[in-house]
Amino acid sequence: MKNVFFLLFVLIAIPIIGQEKTKLSLDHYENYEWTYNPTLSPDGKQILYSRTWINLVDDKRETDLWIMNSDGSTNRFFLNGSNGKWSPDGTKIAFTKKGEPDGTQIFVKYLGVEGEPTQITKLEKSPSSMEWSPDSKHIAFIMHVDSEPALKPKGVPSPPKGASWTKSPQVIDQVDYTQDRVGFLERGFRQLFIVPADGGTARQITFGEYDDISGGIAWSKNNKSIIFSSYQKPEAEYARGHSNLYSVNINTSEIQELTSRDGTESAPRVSPDGSKIAFIGSTWSKNFYHDRKMYVMNSDGSNMKCITNSLDQTPSAAIWSANGSGVYFNVREYGQSNVYYADTKGKVKKVTTGNHMLSMNDLAGSRAVATWSDPSNPSDIVTFSLEKVRDMKRLTEVNKDIFYNVDFGEVEEIKYKSVDGKEVQGWIVKPPQFDPNKKYPLVLRIHGGPHGMYHVGFNYNFQLHAAQDQVVLYTNPRGSTGYGYDFANAIQNAYPGNDYDDLMAGVDEILAKGYIDESRMYVYGGSGGGVLTSWIVGQTDRFAAASVNYPVTNWFSFVGTTDGSGWYYNFEKYPWEDPSEHIKRSPLMYVGNVKTPTMLMCGEEDLRTPISQTEEYYQALKMNKVPTVMIRFNKEYHGTGSKPSNFLRTHGYINAWFDKHPVKKDATEQIKTR
């Protein structure tokens, strides 16, 4: 019987061991998962983290909380919910999920106690920035509070009994009155609240019609006050690039201003002994991009000092060391993310290295927990000791069940010179089983922002293109973050400007390698990438087809219709003072040069780059008889992939458009067909 069992095992095991590799497809996406926000219990023995999965039946992404031992053992589902927070005493966990009577509510789960979690709030609006008090007795959070209407109609009679009147008009008097993924903003302000951890009525502790409280909150060590970021001054809505740190007494609502310099302060973090506050700050300037640094000051706001002057990169929020001698933070630079440390005297050192995206999220003693990804591995949870950072341990492999036999494309880093001798970093994703003697199509993918950074973390879209036997090129042209302040600010009053040259220099760099079919080159990008794609097709006809996704094509009409007034400041003058710069930098002004078949995609509800920007460009292309289609995505704000079904459709439409235009037509032939 034993020999029979062994034979059966061999017969079953052989095909598994010898199983052929497969390529990534959209089918894999159905079971794709994300991990994020890992936090250590106060004793360092357990890790709580969020795990997002795709619900294709209801067409949404859902998040659950999972828990495991700090060595990765006993990894299990914990709760349906998100934003999990350990209480400082380690006895309970606060989290948010849909509750009664409606909307998002705060719940508390007592550890080691049988039964369901306790809903401790009955809020009318969704809470955010939830934080435990140090004594674990209260939870603070931010919530929107309505203001009185700016204007009420006078003399309008009440509707007759049984009447069905049209919904009342919106009365708007704010500078910024819409927000993408939200819609029209209710008149009012985000205020601070506290609620007892064992439930009760949430109590408002900040008041007044000032700039919204945002950017994170932190309790004082003595449980008596909360530090927050806002701009509590008249005319605050016009004070772009300004915020201060304040402290509010939770019993008296008395507010103390802790900082008053020109610039922004956010993400306050109190030191373990309560004597200091670390925060992220930027100095005010007229530039669209602001340089952010790490600062430390005494808890009363005195003795403020920048401790990252020697680092020309942007730090994440601080994580204090156990002894309070300094702070740890993440830095995204040169396409990677690693952990840094700065002591309170201003000495900075790099703690971790690696060609990865490592983001430390929490610390207990010397034990750190982080999310990690590299070109072939989606985000997972890792842990390491700050004393032995090289001994990093991967605790989860949430996508191993779907990727165990997938052959991913190799990612190769490149660096090249652009105009003005500017060095640009980029990456090439090669198809699985790449053959340098073959000729492959090229897909140039452009990131948005424009102040963003492509990196070495796993990218599902790029690997999909590689699986379709396409070479992908993605680069960080000037304006990208991660290369210092001057590089990011190089597009001030110039965007899209020299970005075009940086991108084309990258295309030339990969063409010189000899394995690209120059007649089968494609380009696309969304948001800032849509801006640059529409600019590119107005400057060159070297691409066989393009997809301009949720773009800005007309700066003149955009600055007054986007969800915020900040874009006015990316131009030297207001458009009514001198429209020439807005016109000169608008891709729409060069649409007469376009010969490339150009598809457009945009969300119907986009408030960041309103769909009218797409419509203007589409009509211009049609008038010039350029091959085009406009894809209008339902139930999408900025972007086309917030719904899982629309993520799948986005790639499907891009595939179809590129397949419809497999080879670049001769320019003269295109002109004849007009």
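Treat the numbers as computed from the prediction; the structure is a model and nothing was measured. Computation of the quantities below employed the complete heavy-atom set of this structure, encompassing side-chain atoms and omitting hydrogens, waters and symmetry-equivalent molecules. Residues take their numbers from the sequence shown, with the count starting at 1.
- Summarising the geometry of F95 relative to S82, their closest heavy-atom pair is CB-O, 3.4 Å, with the distance given to 0.1 Å.
- In E604, the CD atom is crowded: over 12 heavy atoms of neighbouring residues, nucleotides or ligands sit closer than 6.0 Å.
- Between the side chain of N489 and the backbone N or O of H290, no donor-acceptor pair lies under 3.5 Å.
- Within the 4.5 Å cutoff, no side-chain heavy atoms of K97 are placed close to those of T63.
- The two residues S547 and M601 come nearest to each other via the heavy atoms OG-CE, 3.8 Å.
- Side-chain atoms of N361 and T39, non-hydrogen and from C-beta on, do get closer than 4.5 Å to each other.
- Using a 4.5 Å heavy-atom cutoff, the side chains of H638 and L607 are not in contact.
- W53 contributes no side-chain N or O that, together with a main-chain N or O of N31, makes up a donor-acceptor pair within less than 3.5 Å.
- When side chains are defined from C-beta on, E636 does not count as touching E605, because their heavy atoms never get closer than 4.5 Å.
- When atom types are taken as modelled, the side chain of S534 and the backbone of G530 share a donor-acceptor pair closer than 3.5 angstrom.
- Around CZ of R292, the count of heavy atoms belonging to other residues, nucleotides or ligands within 6.0 Å does not exceed 12.
- S418 places no side-chain N or O within donor-acceptor distance of the main-chain N or O of K422, the cut-off being under 3.5 Å.
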Report the C-alpha separation of D362 and Y49 in whole Å, then their side-chain angles, then the decisive distance to 0.1 Å, and conclude whether the side-chain hydrogen bond (donor to acceptor under 3.5 Å, both in side chains) test is met.
CA-CA 11 Å; D362 200 10; Y49 70 98; over 6 Å; no

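- At a cut-off of 3.5 Å, with distance as the only test, no side-chain donor of T598 or T628 sits close to an acceptor on the other residue.
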Under the salt bridge (charged side-chain N to carboxylate O under 4.0 Å, His left out) criterion, do D59 and K643 qualify, and how do the steps go?
CA-CA 6 Å; D59 200 15; K643 300 287 185 183; 5.8 Å; no

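- In this structure, A278 and M294 approach most closely via the heavy-atom pair CB-SD, 4.4 Å.
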What's the verdict on ring pair (Phe, Tyr, Trp, His ring centres under 6.0 Å) for Y522 and H465, showing C-alpha distance, side-chain angles and the deciding distance?
CA-CA 11 Å; Y522 306 93; H465 284 297; 9.2 Å; no

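- In the model, D380 has a side-chain atom that pairs as donor or acceptor with a side-chain atom of T396 under 3.5 Å.
- Closest approach of E20 to N405, counting heavy atoms only: O-ND2, 4.0 Å.
- In Q433, the CD atom is not crowded: 12 or fewer heavy atoms of neighbouring residues, nucleotides or ligands sit closer than 6.0 Å.
- Put simply, the side chain of I654 does not reach to within 4.5 Å of the side chain of V443, judged on heavy atoms.
- Between V331 and L311 there is a side-chain heavy-atom pair separated by less than 4.5 Å.
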Evaluate the criterion side-chain hydrogen bond (donor to acceptor under 3.5 Å, both in side chains) for residue pair Q425 and Y483; output intermediate values, then yes/no.
CA-CA 10 Å; Q425 183 185 28; Y483 302 89; 2.5 Å; yes

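- Within 6.0 Å of OH in Y653 there are 12 or fewer heavy atoms belonging to other residues, nucleotides or ligands.
- Sorted by first and then second residue, the salt bridge (charged side-chain N to carboxylate O under 4.0 Å, His left out) pairs with a member in residues 66-80 form an empty list; sequence neighbours excluded.
- Classification of D517 and R520 as a salt-bridged pair holds, one side-chain N sitting under 4.0 Å from a carboxylate O.
- For the residue pair N338 and H356, a side-chain donor N or O sits within less than 3.5 Å of a side-chain acceptor on the partner.
- Taking all atoms of both residues into account, the shortest heavy-atom contact from Q46 to W86 is CB-CH2, 3.9 Å.
- Side-chain atoms of N83 do not come within 3.5 Å of backbone N or O of T96 as any donor-acceptor pair.
- When all heavy atoms of D469 and Y440 are compared, the closest pair comes out as O-CD2, 3.5 Å.
- With no hydrogens or angles considered, a side-chain donor-acceptor pair links H651 and Q468 at under 3.5 Å.
- A side-chain donor from one of T383 and R367 sits under 3.5 Å from a side-chain acceptor of the other.
- In this structure D407 satisfies the salt bridge (charged side-chain N to carboxylate O under 4.0 Å, His left out) test with no other residue, sequence neighbours excluded.
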Carefully, step by step, assess S337 and H455 under the rule side-chain hydrogen bond (donor to acceptor under 3.5 Å, both in side chains).
CA-CA 8 Å; S337 178; H455 52 73; over 6 Å; no

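- With hydrogens and angles left out, the side-chain atoms of N355 and D374 include no donor and acceptor closer than 3.5 Å.
- For E30, the CD atom sits in a loose shell: 12 or fewer heavy atoms of surrounding residues, nucleotides or ligands are nearer than 6.0 Å.
- Taking the side chain as every heavy atom from C-beta outward, E412 and W427 never approach each other to under 4.5 Å.
- In this view, D486 satisfies the side-chain contact (heavy atoms from CB on, under 4.5 Å) rule with no residue, not counting sequence neighbours.
- When each of F78, W34, W66, F77 is tested with R51 by the rule side chain to side chain contact (heavy atoms under 4.5 Å, CB included), just one qualifies, namely W66.
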Report the C-alpha separation of R394 and N377 in whole Å, then their side-chain angles, then the decisive distance to 0.1 Å, and conclude whether the side-chain hydrogen bond (donor to acceptor under 3.5 Å, both in side chains) test is met.
CA-CA 11 Å; R394 184 175 179 179; N377 292 280; 3.2 Å; yes

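- Without hydrogens or angle criteria, N75 side chain to M68 main chain gives no donor-acceptor distance under 3.5 Å.
- Rounded to the nearest 0.5 angstrom, L503 CG and I536 CD1 are separated by 5.0 Å.
- Ion pairing between E333 and K350 holds under the 4.0 Å rule for side-chain N and carboxylate O.
- Using a 4.5 Å heavy-atom threshold, the side chains of I381 and V369 count as touching.
- At least one donor-acceptor pair closer than 3.5 Å links the side chain of T609 to the backbone N or O of Y550.
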